[in-house]
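These figures come from a predicted structure and were not determined experimentally. Counting convention: from 1, in listed order, for ligands and their atoms alike. Each residue takes its place number in the sequence, starting with 1.
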Amino acid sequence: MQLTLVRLAGPSPQDSPGVRPIGECDLEGVGRLYAAAFPGGEVGDEATAIADVRASWDGEYGEWLPSASLLAEVDGRAAAAILVVDSPPWDDVSDLVFIIDLFTDPAHRGRGLGELLVRSALAAVEPGRVVGLRVEDENEGAVRLYRRLGFRERS
Ligand SMILES: CC(C)(COP(=O)(O)OP(=O)(O)OC[C@H]1O[C@@H](n2cnc3c(N)ncnc32)[C@H](O)[C@@H]1OP(=O)(O)O)[C@@H](O)C(=O)NCCC(=O)NCCS
């Protein structure tokens, strides 16, 4: 079953070293990371994943929010990313700022990068906006992370 989780944006934490907005020149690297993070083929092969990240950047899934769509780098290499849009094209969530995806390189998991990116993205969203995402309930690690950061099921 798919859950729809939401949370109010903010408050603003301090800037985090190693975390920066995704630039156009990062799209290929982020796409590669996307494919590596879902090795079961959920997002297709590398080329498909890169095309999907570019489609997100181009606004196919809502207005790309550059200040909240972030890349975490470890030793100068892409290690985790969060993709965030405003007004996604799905009726039940079209009023939200929406986390399209969050993913960490399998080699860098469990070190807090996912949490850091969600916190940093929340801090970059206009206060008062509600931030949402979809996650499979069986994705227990991700659900736990979001719940810990205050996300709750939408009533
Ligand atoms: C969900 C995901 C983004 C979390 O990224 P992360 O950088 O590992 O996140 P964090 O380190 O902040 O926290 C991950 C949790 O997994 C634990 N963990 C420890 N070692 C781990 C490992 N090797 N692999 C995965 N999780 C690990 C962490 O301790 C933490 O557990 P807790 O919530 O009980 O404290 C990452 O697992 C991932 O990319 N999954 C595949 C993509 C996905 O499902 N994304 C969510 C879509 S909504």
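Neither the backbone nor the side chain of Y34 has a heavy atom within less than 4.0 Å of ligand 1.
Taking a distance limit of 4.0 Å, we find that atom 33 (O) of ligand 1 is approached by some protein heavy atom. Using a 4.0 Å threshold on non-hydrogen atoms, atom 30 (C) of ligand 1 does not count as touching the protein.
Contact between A80 and ligand 1 is absent, with no heavy atom of the residue lying under 4.0 Å from the ligand.
Where the criterion is an N or O separation shorter than 3.5 Å, residue side chain and backbone included, F103 fails it with respect to ligand 1. In terms of polar-atom proximity, defined here as any N/O pair under 3.5 Å, H108 makes no such contact with ligand 1. In terms of polar-atom proximity, defined here as any N/O pair under 3.5 Å, Y146 makes no such contact with ligand 1. For ligand 1, one of its N or O atoms has an N or O atom of G114 under 3.5 Å away.
When the heavy-atom distances from atom 39 (O) of ligand 1 to T104, I82, L102 are ranked, the shortest goes to T104. The closest non-hydrogen atom to atom 41 (C) of ligand 1, taken over R109, R134, E136, comes from R109. In this comparison of R119, R148, E42, E115, the heavy atom closest to atom 35 (O) of ligand 1 sits on R148.
The protein atom (non-hydrogen) at minimum distance from atom 11 (O) of ligand 1 is G112 N, 2.6 Å. When hydrogens are left out, the protein atom nearest atom 27 (C) of ligand 1 is G110 CA, 3.6 Å; that is the closest non-hydrogen contact. Scanning the protein heavy atoms around atom 47 (C) of ligand 1, the nearest turns out to be D101 OD1, 3.6 Å.
Between R129 and D86 there is a salt bridge, since at least one side-chain N of the basic residue sits less than 4.0 Å from a carboxylate O of the acidic one.
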